[in-house]
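Everything below concerns the one structure shown next.
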Amino acid sequence: MVFRLFPILVYVSGYIFLVFVAICLACGLYYLAELVEEYTSLTKKVLKYAIGVIIAVHILLGIFDGFPWIPTIVGVGAHVCYYQLLKEFPFVSLTSPKFLGSCALMVLDHYVWFKYFGRVYYRPTHVLGFFLFCIWIVPFGFFISLSAKRNVLPTGMASSSGITPEGTAGKGNRQK
């Protein structure tokens with residue numbers, strides 16, 4: 001048996017490559033989170049338009065490409081639920097019925113589309129493109145914006161810390 005160095009080199013290089021990919025993804029996520037914290041109103045607009053475009057794409061795929069209507073309706077319903085989350089954006093409560101409903105619809109959306117693409121063959125790149133654009137992009141946008149709510153200045157209401165927008169303490173705690 002001959003000792004071969006090349007397979008070892010390939011495996012070590014592959015693992016190093018995976019580490020570099022993970023670092024690049026982490027840096028990209030950090031940068032996107034910084035942008036979301038800096039421009040929350042723009043992020044809200046981008047998410048709003050993305051939801052509208054994705055709903056239209058779902059419907060157009062159902063009409064023109066013959067995608068099944070049950071997964072299409074579930075996908076549209078999930079994005080309508082995401083749209084409801086925009087009303088309190090970026091202050092999304094993780095225990096609110098809207099958030100829990102959107103999480104449940106996201107799981108159901110994944111299930112019905114995985115079931116469909118398990119029965120009907122499409123190239124893996126097509127399936128990944130569909131999942132990235134029609135299923136993952138809006139929840140991912142909400143995920144990276146979770147850190148933005150703690151850095152947004154209060155507007156008209158008192159914050160949870162009791163500090164009002166004018167910089168004074170809440171009721172009964174007036175500074176002299």
Side-chain angles (χ1 to χ4, degrees), residues 1-58 60-61 65 67-68 70-72 74-79 81-83 85-86 89-96 98-152:
M1 182 177 206
V2 178
F3 176 73
R4 309 278 314 230
L5 182 62
F6 186 67
I8 295 171
L9 177 70
V10 168
Y11 283 113
V12 169
S13 299
Y15 287 122
I16 291 172
F17 176 75
L18 289 175
V19 168
F20 283 139
V21 167
I23 290 170
C24 289
L25 283 173
C27 291
L29 281 174
Y30 179 75
Y31 181 68
L32 285 174
E34 289 293 321
L35 285 176
V36 167
E37 287 177 9
E38 187 70 27
Y39 304 104
T40 54
S41 61
L42 179 63
T43 303
K44 183 176 181 176
K45 287 180 187 177
V46 168
L47 284 173
K48 178 181 173 183
Y49 290 125
I51 290 169
V53 168
I54 292 170
I55 288 173
V57 166
H58 271 295
L60 292 174
L61 285 172
D65 288 338
F67 274 42
I70 299 285
T72 300
V74 171
V76 168
H79 282 82
C81 203
Y82 301 150
Y83 185 79
L85 287 175
L86 284 177
F89 185 83
F91 302 104
V92 178
S93 172
L94 300 180
T95 57
S96 72
K98 291 178 188 178
F99 180 78
L100 296 175
S102 64
C103 288
L105 280 174
M106 182 185 70
V107 170
L108 181 63
D109 196 22
H110 277 81
Y111 173 75
V112 294
W113 284 114
F114 274 130
K115 192 173 174 182
Y116 170 71
F117 286 118
R119 285 191 318 248
V120 179
Y121 177 77
Y122 286 92
R123 290 177 31 192
T125 54
H126 292 162
V127 176
L128 282 174
F130 175 81
F131 269 82
L132 175 68
F133 185 76
C134 290
I135 297 175
W136 293 336
I137 203 148
V138 173
F140 182 72
F142 278 112
F143 174 73
I144 62 173
S145 68
L146 286 176
S147 65
K149 71 179 176 181
R150 63 189 151 133
N151 294 325
V152 174

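Considering all non-hydrogen atoms of both residues, Ser102 and Cys81 come closest at N-SG, 3.5 Å.
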- [ ] Please report the C-alpha distance between Phe142 and Val138 in whole Å, then the side-chain angles of each, then the deciding distance to 0.1 Å, and finally whether the side-chain contact (heavy atoms from CB on, under 4.5 Å) criterion is met.
- [x] CA-CA 6 Å; Phe142 278 112; Val138 173; 3.7 Å; yes
- [ ] Check step by step if side-chain contact (heavy atoms from CB on, under 4.5 Å) holds for Phe133 and Val53.
- [x] CA-CA 10 Å; Phe133 185 76; Val53 168; 3.8 Å; yes
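Here side-chain hydrogen bond (donor to acceptor under 3.5 Å, both in side chains) pairs that include residues 11-22, with residues two or more places apart or in two chains, number zero. The salt bridge (charged side-chain N to carboxylate O under 4.0 Å, His left out) contacts involving residues 98-110 comprise Glu88-Lys98, where partners must be two or more places apart or lie in separate chains.
How far NE2 of His110 is from CH2 of Trp136: 6.0 Å, rounded to the nearest 0.5 Å. Separating the CG atom in Leu85 from the CZ atom in Phe99 is a distance of 7.5 Å, to the nearest 0.5 Å. To the nearest 0.5 Å, atom CG of residue Leu42 and atom CG of residue Leu47 are 9.5 Å apart. Glu37 contributes atom CD, which lies 11.5 Å from atom CG of Leu32 (distance to the nearest 0.5 angstrom). How far CG of Leu86 is from CD1 of Ile51: 4.5 Å, rounded to the nearest 0.5 Å. The structure places NE2 of His58 at 6.0 Å from CD1 of Ile135, a figure rounded to the nearest 0.5 Å.
Under the 4.5 Å side-chain criterion, counting only non-hydrogen atoms from C-beta, Val107 is not in contact with Cys103. Residues Phe130 and Trp113 are in side-chain contact: their nearest non-hydrogen atoms beyond the backbone lie under 4.5 Å apart. A heavy-atom distance below 4.5 Å is not found between the side chains of Ile54 and Tyr82. Side-chain contact between His126 and Phe117 is absent, with no heavy atoms from C-beta onward closer than 4.5 Å.
Heavy-atom neighbours of Phe143 CZ from other residues, nucleotides or ligands within 6.0 Å: at or below the threshold of 12. Other residues, nucleotides and ligands contribute more than 12 heavy atoms inside 6.0 Å of the CG atom of Leu128. With a 6.0 Å radius and a threshold of 12 heavy atoms from other residues, nucleotides or ligands, Arg119 has its CZ atom above the threshold. Other residues, nucleotides and ligands place no more than 12 heavy atoms under 6.0 Å from the NZ atom of Lys48. Other residues, nucleotides and ligands place more than 12 heavy atoms under 6.0 Å from the OH atom of Tyr116.
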